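Before any comments, here is the structure.
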Amino acid sequence: MTNCFILLAAGKGKRFKSNNPKQFTNYINKPLFMHSVDKAVKSKLFKSIIIVSNVPIKSIKDKSIKVIKGGNERYQSSQKALNFIKNKRFTNVFIHDAARPNFSIELLKKLNSNLKKNKAVVPYVTTNNSSKYKIGNKIQNLKRENLLFTQTPQCFHFKTLYNLSKLNNKKITDEASLFLNNNKIVKFIKGEENNFKITTKSDLEKKNIQNFYGIGFDIHRLIKNKKLYLGGIKIPFHSGLQGHSDGDVIIHAIIDGLLGAMRKMDIGTLYPSNNKKFKNIRSPNMLSPILKNLHKEGYFINNVDINLICERPKVSKYRKKIISSLSNLLIVNEDQINLKGKTVEKLGLIGKEKAIACESIISLNYYG
Ligand code: ZN
């Protein structure tokens with residue numbers, strides 16, 4: 001199965017009242033639309049990403065990402081994108097509005113797994129507000145339990161959606177409407193409160209941003225006949241780091257920094273060394289549940305700074321590789337990570353190449 005991700009970023013944003021369309025304004029450290037692009041890339045679910053935009057986007061270098069021109073209305077932009085990929089043999093297509101930058105990668109994965117048995121999968125949220133419906137001058141009560149507010153990303157079997165879309169010439173606000181208007185089955189799954197649509201300027205500030213900081217430190221002895229792992233990658237060296245796990249001091253210091261910022265104790269409490277279950281565990285596997293939790297609770301990593309303290313290996317030689325590996329593991333961009341190498345003038349255990357230590361400091365943004 002191959003998936004394509006279509007990002008609709010051609011809207012004029014009349015309610016936004018700015019010359020710069022809202023999709024391109026800066027939002028949490030980058031242009032708003034890039035949040036969706038980055039998440040689609042990081043999810044690894046998509047062979048290709050199509051951005052539909054009426055202004056040229058020059059910053060995109062990735063070959064799997066194409067920018068095409070949109071139409072006047074949302075449904076026309078969506079039609080153009082579907083037409084553009086019609087001969088590219090995608091099984092499924094995800095369609096997303098760039099104005100919703102806050103969905104999670106977990107939501108993409110949940111949508112994808114539901115596509116195995118369905119031709120249309122759509123996330124929704126409910127409301128706590130009492131709801132009414134106006135027909136002419138009459139206002140009626142509505143049962144709020146029966147109201148579904150649909151979000152994007154929405155995902156579909158490509159051919160089915162393409163055929164429905166081709167025949168449509170009416171304004172619709174999402175692709176789920178096409179399916180429902182044609183009496184086709186849609187699988188609705190729980191969406192995310194956080195995945196709200198940015199419509200006005202005040203929505204940009206809707207999230208109450210708080211900053212948290214955490215520090216981490218770790219040290220392991222070097223022993224013969226063990227592989228050396230630093231930042232999730234294997235590094236050729238005369239020894240490896242002793243420990244219950246693979247001894248990756250960089251990842252361990254990062255884990256403690258993350259837990260510190262989240263105010264959730266420390267790595268030893270989560271992974272006690274007397275628990276056989278964690279024997280020889282690879283450090284990326286220790287990191288991933290913590291990261292999942294971090295995203296679920298509404299935290300985002302702002303930046304990570306690392307001091308790797310060792311005589312050798314030389315950090316400069318592996319810096320690029322380690323940062324690239326950490327960027328994948330932490331689901332952040334490489335420019336959010338800094339790695340410094342520090343020697344200790346040949347002093348002590350570290351100086352004699354009998355141990356490697358690492359410290360980290362991490363800043364998290366919390367969007368409540
Ligand atoms: Zn450790």
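Keep in mind that this is a model prediction, so the values were computed, not measured.
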Result of checking I251, L291, I254 against L329 for side chain to side chain contact (heavy atoms under 4.5 Å, CB included): I251
Would you kindly say whether [X] and [Y] are connected by a side-chain donor-acceptor distance under 3.5 Å?
X	Y	value
S325	N328	no
N168	S165	no
N302	N211	no

K264 bridged to E297 by N-O distance under 4.0 Å: yes
Qualifying side-chain hydrogen bond (donor to acceptor under 3.5 Å, both in side chains) pairs with a residue from residues 235-256, counting only residues at least two apart or across chains: D218-H252, H220-H252, H238-E353, S245-H252, D246-R282, D246-S283, H252-S283
Any side-chain heavy-atom pair of V304 and L258 under 4.5 Å: no
Residues that, via side-chain heavy atoms closer than 4.5 angstrom, fall in one hydrophobic cluster with V125: Y133, I135, L142, L147, F149
I49-Y162 co-clustered via ILVMFWY side chain contacts under 4.5 Å: no
Non-neighbouring partners of [X] that pass salt bridge (charged side-chain N to carboxylate O under 4.0 Å, His left out), sequence neighbours left out:
X	answer
K42	none
R74	D97, E175
K340	D305

Polar side-chain atom of E334 near backbone of I323 as donor-acceptor pair, under 3.5 Å: no
Shortest non-hydrogen contact between F196 and P101, atoms and distance: O-CD, 4.4 Å
Within residues 41-91 or reaching into it, pairs that qualify as ring-ring contact (aromatic ring centres under 6.0 Å, His included) - sequence neighbours excluded: F5-F46, F46-F94
Row check, F237 ring normal vs R312 NZ/CZ: under 6.0 Å, within 45°: no
Ring-face cation of K190 near Y124 (centre distance under 6.0 Å, axis angle within 45°): yes
